[in-house]
Amino acid sequence: MAAAHDDLDGFPDDSKADVFVQRFSTAVAPANRAHLATKPPMILLRVPGDRDAYEAGTHRVVEALRRALDQRGPLVPYAHLGAAEEDDVLLSERAGLVLQDAPPEHMTPDHFPHFTLICDLVDYIRRDIRANPQLWPGSHARQLREYACDQQKANKRGLLGVLPKSGPPPGSLKDWLLLICWLWATSNLPRRLWSDWMSRRVMRRWLGDQPVADGGSKLFRVVDHVANLQSTRLKRPADDPRHEEALQELDQLVTRALLEDLRTPKVGGLPLPRRRRRTARPVLLVELPPAGATGSRAAERFLRALHQARATMRDPKDPGPLVIAVGQPSVALLNDLGNPGESNFSQAGMHLSQKDGPPVLVTFDENALRGPGIPIPPVEIDRRFKTSWRTTTSLLAGGLALALVGAGLAVAKAVGPTPDTSCVGGSESVAESARRSPIPLDPGGWYKAAQNAIGRENARVLNYERHGRTVRRVVVFVSNSPTNENDVRFDGTIPELRGIAMWQNTLNTNAQSDQSAVPLYVDVRRTGEAFRNAVAAARDLVTEVRAERPDTKGSDRVVGVLAYAQSREGTRAALDVLGQARIPTIGTTATADEMLSGAAGRSYWPFTPSNSREARIESSFASRKNIVARADNPNACTPAKNAIVIESSADLYSSSLASKFLADFPGTHQIFNFNQDDDFDPPAPDGAENQSNPDALARRICQALKARPESVVYWSARAKDFTAFVNSMHTEGTCTTNAITVLGGNELTNVAQTGAFKDKNWLRLYYSAHRLPSYDPRASSKTKQFVGLYDDFVRTTTKGTDPWREDGHSAVSYDAFHVLSQAVTDAGQDDPAISRTSVLLTLSSGVSFDGATGFVSYANDVHAPPTDKTLVLLRQLGDQPEAVVACGTYRQGESSASQGVPCAG
């Protein structure tokens, strides 16, 4: 690379560049070390001009930044990544090796166990595919494990690196037997223990959450699977686009491992002997050649990998490196980075102190590059941390000895702590503070009001079409229009339609100023009670879309479906029909994992957390949290040691949720297969007791509770059956003198919030939901904004008290429609025809936004609910539920893994 002119030194004196220079030093080594617990956004400094101007400008900028980090040796951990000589180089590997090989003085070196392991595996994959292409694809998990162990030993890393290389020489048979034992103890066993331990560590810490893991739990098998998927591409020439895609996958794997190592040590904490202290932020300076120049593909691939890997970090509070790329980013790279808007240096400086965020792009003024520069002073490390770690260890060891003596004396006098027996959410029943009578319901009026609201919005869509706007049609499959109060209590159709009408209104309003927005005509189609005609309705739709012609008007061209609200065999089969026709479909409140089986996986994206995840959280909640009232003290609670499970084997939702809860629950259990229609086909698991009469079921559960008072009643059957059971239990009254704890799924929200259990002072009810109550202190502004819109909708369209203000059905349909509409609008940017295929491709690329139910983020190329989607456990108190658990990414950056029991299992 050409050197800069001698008289042009320092950081170019562009407008507000002094602000950036000052903030740069502060971001790298802040006076308050707590500020290191962030990941600043990626900074892109664009150097305009031809090749000579790029080379001179990039060299000047990089050198000015580098000299602030290096004074005859690195002051902070940093890596300068110049333009690669070949484009198949993985800069992630180079970055990790540079950070590993040159630690700053007086700073205990960072550890890179994840990076070195993944690096070894990727190196083996690339070399072996080149050397033995005929063996790929194939099974290489064992070879990968052995190679990783060999590298540990060869490079003297960890325990394997210090074990003896050979055993005693054999002579007699006895010597041979001793040699075998020796090798087993000093080679085979340590290798197996180390590889298994690292596999569990890597999978649990980060790789298990990545899409490439595809549900796998063994590191070497997962990496082997990735290698086999990419092996055909890696055999292609280096300039082949498919070869580049394979390198991108490997680069992202190594980059994510590097970020995992750089997130430790954590900032702060107790001082420990030779404890690694984060005193400065690692810095990556990346030179970015122009598109087509040597090294440009390698640099852009690394920046893409960094951008994608940072988005998968579990905790946004973990430390992360400062990444500054200098050069000429291509249009393709900027698109992949989310098309960052132009910022000035003052704004970029402000971003350096932010916690994460999208990349920041700043373009140098050409005159500034030709003029004098601003010197960047060397970063200053806190002098308190310039002491050698050996001195620190000696001081801490002496202090620790004194502390242990004092602690021993204190413990000798201390008494054991009193165990916590408080009940989660309190010891009140559902009757506490309840209304004197159930909320009066208006089935026909409320349903018609929601339909009319959608009709008014459809009229706006048709008006847009008459004025030349591109519009499309969306089909919504619902069950049946409610005819009585029980239909309203046991079916969520009305709140679901309200949420759809609300988002359609938002979309139509936004379309007035946003010409790229695509207004959507909503076609609501009823499929009968309990969706019994779902398959036939799906087939009718398929016939219609196949009959569409080029001249079919936009409001008749179907681009997607919103369905279904319930997991049943009929709705599962209907999704299969829609999947075979490749019709984009977004789910609402259907949660059974089985809904994705068959052809449904081609075009269906669920919106709410799956039964398997819900059951895992609920089993952990029941078995590890104080929810069951003690017989001797109703104000004290213990975790459940036994589960009385009520399911309906003929109902897909119920049997799915029950089976997954039983698989995760660690205690004993008893199963009742309850169906008031005597439908027990397919049969329940062995040992289940069939019941069709709610009175008989109440008596049997009462007997079970008396035999095992430490039991929770886990209800996976439908809300209609639950109401019948509660009423029978209340009428029988033989065991309602003690509190009974019931834990159920989202199905129970349909009835719990209508005041139907106003006088059941023995019932303590927990159930799942999909958004936080608006009055919860954790509720986001988006949730509160939605509830405000919902209140306005109810007030202007209906009369009387609304029972579903805090119910999740309307928020789910609101956000689900948002997903589909965003996919349609985005598809229209590249495909003016907005075909269903384009919508599918857009959905496959992932959709993200902050919604009423929390942060929504679909992973690329994965047909599954949004990543770590919010799941809430509510405790019903009168007419007002209280959130006792909130799991998942309610806000961007939050994670179940860091939320403890029961979210993390």
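Nothing here was measured: the structure is a model prediction, and the numbers come from that model.
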Enquirer: For residues Glu245 and Arg242, determine if any side-chain heavy atom of one lies less than 4.5 Å from a side-chain heavy atom of the other.
Expert: yes
Enquirer: Side chain of Asn626, backbone of Asp420: donor and acceptor closer than 3.5 Å?
Expert: yes
Enquirer: Applying side chain to side chain donor-acceptor pair (under 3.5 Å), name anything that partners Ser199, two or more places apart in sequence or on another chain.
Expert: none
Enquirer: Taking the side chain as C-beta and beyond, is there a heavy-atom pair between Asp251 and Phe302 under 4.5 Å?
Expert: yes
Enquirer: One pair to check against salt bridge (Lys or Arg N to Asp or Glu O under 4.0 Å): Asp150 and Arg191. What are the steps and the verdict?
Expert: CA-CA 9 Å; Asp150 291 342; Arg191 289 165 75 95; 2.8 Å; yes
Enquirer: Listed by chain and number, what are the side chain to side chain donor-acceptor pair (under 3.5 Å) partners of Glu594, not counting sequence neighbours?
Expert: Ser656, Lys660
Enquirer: So, Asn132 side chain and Leu135 main chain: donor-acceptor pair closer than 3.5 Å or not?
Expert: no
Enquirer: Just by modelled atom types, is the Gln252 backbone N or O under 3.5 Å from a matching donor or acceptor in the Gln308 side chain?
Expert: no
Enquirer: Would you indicate whether the side-chain heavy atoms of Leu229 and His225 approach each other to under 4.5 Å?
Expert: yes
Enquirer: Please work out whether the ring planes of Tyr714 and Phe661 are parallel, tilted or perpendicular, with thresholds of 30° and 60°.
Expert: parallel
Enquirer: Can you tell me how far CG of Leu873 sits from SG of Cys903, rounded to the nearest 0.5 angstrom?
Expert: 8.0 Å
Enquirer: Show, in sequence, the C-alpha distance, side-chain angles and deciding distance for Val885 and Val872, and conclude whether the side chain to side chain contact (heavy atoms under 4.5 Å, CB included) test is met.
Expert: CA-CA 6 Å; Val885 170; Val872 178; over 6 Å; no
Enquirer: Has the side chain of Ser620 got a donor or acceptor atom that lies under 3.5 Å from a matching backbone atom of Arg616?
Expert: no
Enquirer: Evaluate the salt bridge (Lys or Arg N to Asp or Glu O under 4.0 Å) criterion for residues Glu249 and Arg233: first the C-alpha distance (whole Å), next the side-chain angles of each, then the deciding distance (0.1 Å), finally the verdict.
Expert: CA-CA 11 Å; Glu249 193 73 30; Arg233 294 175 164 186; over 6 Å; no
Enquirer: Is the backbone N or O of Asp224 less than 3.5 Å from a side-chain atom of Asn228, with the two atoms forming a donor-acceptor pair by type?
Expert: yes
Enquirer: Does Asp261 reach the main-chain N or O of His114 with its side chain, forming a donor-acceptor pair under 3.5 Å?
Expert: yes
Enquirer: Return the CE to CG distance between Met42 and Leu303, rounded to the nearest 0.5 Å.
Expert: 5.0 Å
Enquirer: Under a 3.5 Å distance rule, please check whether Lys869 uses its side chain to pair with a backbone N or O of Thr853 as donor and acceptor.
Expert: yes
Enquirer: Under the rule for disulfide (SG to SG under 2.5 Å), what residues qualify as partners of Cys119, not counting sequence neighbours?
Expert: none
Enquirer: Counting C-beta onward and ignoring hydrogens, is there a side-chain heavy-atom pair between Pro639 and Ser623 closer than 4.5 Å?
Expert: no
Enquirer: Measure from the side-chain N and O atoms of Arg200 to the backbone N and O of Lys218, and report whether any donor-acceptor pair falls under 3.5 Å.
Expert: no
Enquirer: Sequence neighbours left out, what passes side chain to side chain donor-acceptor pair (under 3.5 Å) with Ser768? Give chain and number order.
Expert: Glu614
Enquirer: To the nearest 0.5 Å, what is the distance between CG (Leu253) and CD1 (Ile118)?
Expert: 5.0 Å
Enquirer: Any side-chain to backbone donor/acceptor pair from Tyr890 onto Ser780? Under 3.5 Å, distance only.
Expert: yes
Enquirer: Look up atom NE2 in His307 and atom CG in Leu333, then write down how far apart they are to the nearest 0.5 Å.
Expert: 9.5 Å
Enquirer: Can you check whether Arg891's main-chain N or O pairs, donor with acceptor, with Thr889's side chain at less than 3.5 Å?
Expert: no
Enquirer: Using 30° and 60° as the class limits, which term best fits the ring planes of Trp136 and His140: parallel, tilted or perpendicular?
Expert: parallel
Enquirer: Can you list the residues that meet the side chain to side chain donor-acceptor pair (under 3.5 Å) rule with Thr591, with sequence neighbours excluded?
Expert: Asn611
Enquirer: Using the rule given for side chain to side chain contact (heavy atoms under 4.5 Å, CB included), can you reason through Arg613 versus Ser896, listing the C-alpha separation, both sets of side-chain angles and the distance that settles it, and then say yes or no?
Expert: CA-CA 11 Å; Arg613 179 162 173 255; Ser896 293; 3.3 Å; yes
Enquirer: List the residues meeting salt bridge (charged side-chain N to carboxylate O under 4.0 Å, His left out) with Arg297, not counting sequence neighbours, and say none if there are none.
Expert: Asp87, Glu244
Enquirer: Kindly indicate, with the supporting measurements, whether the criterion side chain to side chain contact (heavy atoms under 4.5 Å, CB included) is fulfilled by Leu69 and Leu75.
Expert: CA-CA 5 Å; Leu69 308 175; Leu75 301 173; 5.7 Å; no
Enquirer: Please determine whether side chain to side chain contact (heavy atoms under 4.5 Å, CB included) holds for the pair Leu99 and Leu284, giving the CA-CA distance in whole Å, both sets of side-chain angles, and the decisive distance to 0.1 Å.
Expert: CA-CA 9 Å; Leu99 292 172; Leu284 301 179; 4.1 Å; yes
Enquirer: So, Asp593 versus Ser612: side-chain donor-acceptor pair below 3.5 Å or not?
Expert: yes
Enquirer: CD of Gln151 to OH of Tyr147: how many Å apart, nearest 0.5 Å?
Expert: 3.5 Å
